[in-house]
Amino acid sequence: QVQLVESGGGLVQPGESLRLSCVASEFAISTAFMSWYRQRPGKERELVAGRAGANYTDSVKGRFTMSRDDAKKTVYLQMINLEPEDTAVYYCNYGGLRGYWGQGTLVTVSS
């Protein structure tokens, strides 16, 4: 059983930055198969950064960067120039839609 724990969410103003972290409990996994999703209010969950940062949804390209530290079983999502439309619960994922999910961390971008 893989457990994923996200942290780093919060309330920020437009234009500010945040870095999210996600730690996996199982050392046998590879962070290369981890991704970030988000669910905005009233919207379906969507992929933000897939497969350890190999691809990004268009709306975050150039602003969000996913990185990973496999030794620590941790992935990060650096978010800059945040916009109100980025307000969402951000989830860490391992293994795809039928894989494992964290509990989510709330990011609110508001002035």
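Interatomic distance, CZ of Arg51 versus CG of Asn93, reported as 11.0 Å (0.5 Å rounding). Atoms CG and CD1, from Asp86 and Ile80 in turn, are 11.0 Å apart once rounded to the nearest 0.5 Å. Atom-to-atom distance recorded for Arg38:CZ and Arg45:CZ is 13.0 Å, nearest 0.5 angstrom.
In this structure a side-chain-to-backbone donor-acceptor pair under 3.5 Å is present from Asp70 to Thr31. Of the possible polar contacts, none joining the Gln103 side chain to the Val5 backbone as a donor-acceptor pair under 3.5 Å is found. Here the side chain of Glu26 pairs no donor or acceptor atom with the backbone of Gln1 at under 3.5 angstrom.
For Arg19, there are no salt bridge (Lys or Arg N to Asp or Glu O under 4.0 Å) partners, not counting sequence neighbours.
Val89 belongs to a hydrophobic cluster whose remaining members, ordered by chain and number, are Tyr37, Leu47, Tyr91, Leu97, Trp101, Leu106; membership requires side-chain heavy atoms of ILVMFWY residues under 4.5 Å apart, directly or through intermediates. Val2 belongs to a hydrophobic cluster whose remaining members, ordered by chain and number, are Leu4, Val12, Leu18, Leu20, Ile29, Phe33, Met34, Trp36, Val48, Tyr56, Val60, Phe64, Met66, Val75, Leu77, Met79, Leu82, Tyr90, Tyr94, Tyr100, Val107, Val109; membership requires side-chain heavy atoms of ILVMFWY residues under 4.5 Å apart, directly or through intermediates.
Heavy-atom contacts from other residues, nucleotides or ligands closer than 6.0 Å to CD of Gln3 number 12 or fewer.
The shortest non-hydrogen separation linking Gly104 to Glu6 is N-OE1, 2.9 Å. Residues Pro14 and Ser110 approach most closely at CD-C, 3.7 Å, considering heavy atoms.
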